[in-house]
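Notes follow the structure.
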2 protein chains.
Amino acid sequence: MAIAKTMLFNDELQKNAELFKALAHPARLAILKYLAETRTCINGDFAYELPLSRTTVNQHLTELKNAGLILWHTSGVKTYYCLNQKKISELGEIAKALIDELTIPEDTCCQP
Amino acid sequence: MAIAKTMLFNDELQKNAELFKALAHPARLAILKYLAETRTCINGDFAYELPLSRTTVNQHLTELKNAGLILWHTSGVKTYYCLNQKKISELGEIAKALIDELTIPEDTCCQP
DNA sequence: TTCTTATTTCGCAAAAATACGAAATATATT
DNA sequence: AATATATTTCGTATTTTTGCGAAATAAGAA
């Protein structure tokens with residue numbers, strides 16, 4: 001791409017694109033759903049639930065951490081992860097706002 | 001990555017991840033918003049609204065087409081684009097379902 | 001037919017994402 | 001201290017995404 005151009009767009013667009021990017025891989029969606037289903041902090045054993053190596057799962061977890069969608073704490077050698085409900089609801093609001101913004105009267109558009 | 005592993009996840013996860021991926025770039029969000037604001041089919045002139053070349057904008061448009069989020073028709077040499085309201089509302093439902101699924105009682109998780 | 005305009009396709013290059021094994025790190029147990 | 005276990009970091013390889021200029025294509029105008 002020669003030069004990354006994403007930073008030429010306004011902050012809100014960049015921020016929202018980043019958040020959607022965190023959801024743009026089935027492994028990350030699977031991790032989030034698993035965390036919601038188990039309803040508890042679980043340690044990294046759940047790598048075995050996914051068809052990926054422990055290292056790769058850890059990489060996806062790091063991306064979810066960076067996006068703010070999950071929280072974690074450690075106890076001994078183990079790390080416990082959980083959903084960040086605050087960020088999940090923020091995501092919900094962002095998604096809803098986008099959909100509302102994109103929803104327009106159908107008859108104004110592309111009528112042949 | 002050696003081998004693409006996305007196909008090892010179930011269809012729904014893959015489909016949803018694909019849809020979020022379409023939203024995972026500020027240029028594509030900008031295009032969608034512009035289409036909503038102008039409320040009409042516009043031709044490719046709006047490449048000049050973005051800090052990207054005509055070719056790159058066309059590439060992003062193709063991705064939005066492939067995701068089903070926009071429709072288009074041609075008239076002479078010009079191509080007119082518009083939002084696919086049906087897909088937008090489908091996106092809204094998918095996003096809402098995901099948020100609902102990920103929303104759990106806060107006190108069950110990561111309390112130190 | 002030739003010229004102009006709009007768009008798409010092609011080929012290429014750079015950046016980012018995905019994936020994993022090996023090694024390093026950190027904690028708990030023996 | 002030595003061992004076992006859990007996780008993270010490092011190095012590397014491959015794929016995908018992003019980006020663009022040049023050429024090709026297509027339609028209308030002169």
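Residue numbering restarts at 1 for every chain, and letters A, B, ... go by the order of the sequence lines. Because only heavy atoms are used, hydrogens play no part in the values below, and waters and symmetry mates are left out as well, while side chains stay in.
- Of the candidates C:dT7, C:dC20, D:dT18, the closest approach to any side-chain atom of B:R28 belongs to D:dT18.
- The nearest pair of heavy atoms linking B:R54 to B:A47 is CD-CB, 3.5 Å.
- Nearest nucleotide to the side chain of B:L52, out of D:dG19, D:dT18, C:dT7: D:dG19.
- Salt bridge A:K15/A:E18: absent, no basic N to carboxylate O contact under 4.0 Å.
- Distances from the side chain of B:T56 to the nucleotides D:dA6, D:dG19, C:dT8 place D:dG19 closest.
- Residue B:S53 places its side chain closer to D:dC20 than to any other of D:dC20, C:dT8, C:dT18.
- For the pair B:E18 CD and D:dT16 C1', the interatomic distance rounds to 11 Å; values are reported in whole Å.
- Contact annotation: A:N58 reaches the phosphate of D:dT8 (side-chain N/O to OP1 or OP2, under 4.0 Å).
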Take A:E93 and A:K96, measure what salt bridge (charged side-chain N to carboxylate O under 4.0 Å, His left out) needs, and give me the verdict at the end. CA-CA 5 Å; A:E93 281 157 32; A:K96 187 177 182 317; over 6 Å; no
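- A residue-by-residue look at A:A24 and A:S75 shows that A:A24 has its nearest nucleotide of DNA chain C further toward the 5' end.
- Across the protein-nucleic acid pair, B:I70 atom CD1 and C:dT7 atom C1' stand 14 Å apart, rounded to whole Å.
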Would you sort out whether A:E90 and A:K87 count as a salt bridge (charged side-chain N to carboxylate O under 4.0 Å, His left out), showing the intermediate values? CA-CA 5 Å; A:E90 189 187 320; A:K87 194 76 181 182; 3.5 Å; yes
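- Between the CD atom of B:E63 and the C1' atom of C:dT8 there is a distance of 15 Å, rounded to whole Å.
- In this structure, A:E63 CD and A:L23 CG are separated by 11.5 Å, a value rounded to the nearest 0.5 Å.
- Here the straight-line distance linking atom SG of B:C82 with atom CG of B:L69 works out to 11.5 Å at 0.5 Å rounding.
- A close approach under 4.0 Å does not occur between any side-chain nitrogen or oxygen of A:T55 and OP1 or OP2 of C:dG21.
- Atom CG of A:L61 is separated from atom C1' of C:dC20 by 15 Å (rounded to the nearest Å).
- A close approach under 4.0 Å does not occur between any side-chain nitrogen or oxygen of B:H25 and OP1 or OP2 of C:dA17.
- At whole-Å resolution of the value, CG in A:N66 and P in C:dA16 are 15 Å apart.
- When rounded to the nearest whole Å, the span between CG of B:L64 and P of C:dT8 equals 13 Å.
- Residue A:T79 places at least one side-chain N or O closer than 4.0 Å to OP1 or OP2 of D:dT8.
- Taking atom OH on A:Y80 and atom P on D:dT8, their separation rounds to 13 Å, with Å as the unit.
- At D:dT17, none of the side-chain N or O atoms of A:K21 fall inside 4.0 Å of OP1 or OP2 (strictly under the cut-off).
- Listed nucleotides C:dT27, D:dG21, D:dT7 differ in distance to A:K78; the shortest reach to its side chain belongs to D:dT7.
- Among the atoms of the strands shown, base atoms are found under 4.0 Å from some heavy atom of A:Q59.
- Between the CG atom of A:L50 and the P atom of C:dA19 there is a distance of 11 Å, rounded to whole Å.
- Distance from the side chain of B:H60 is smallest to D:dT18 among D:dT18, C:dA17, D:dT7.
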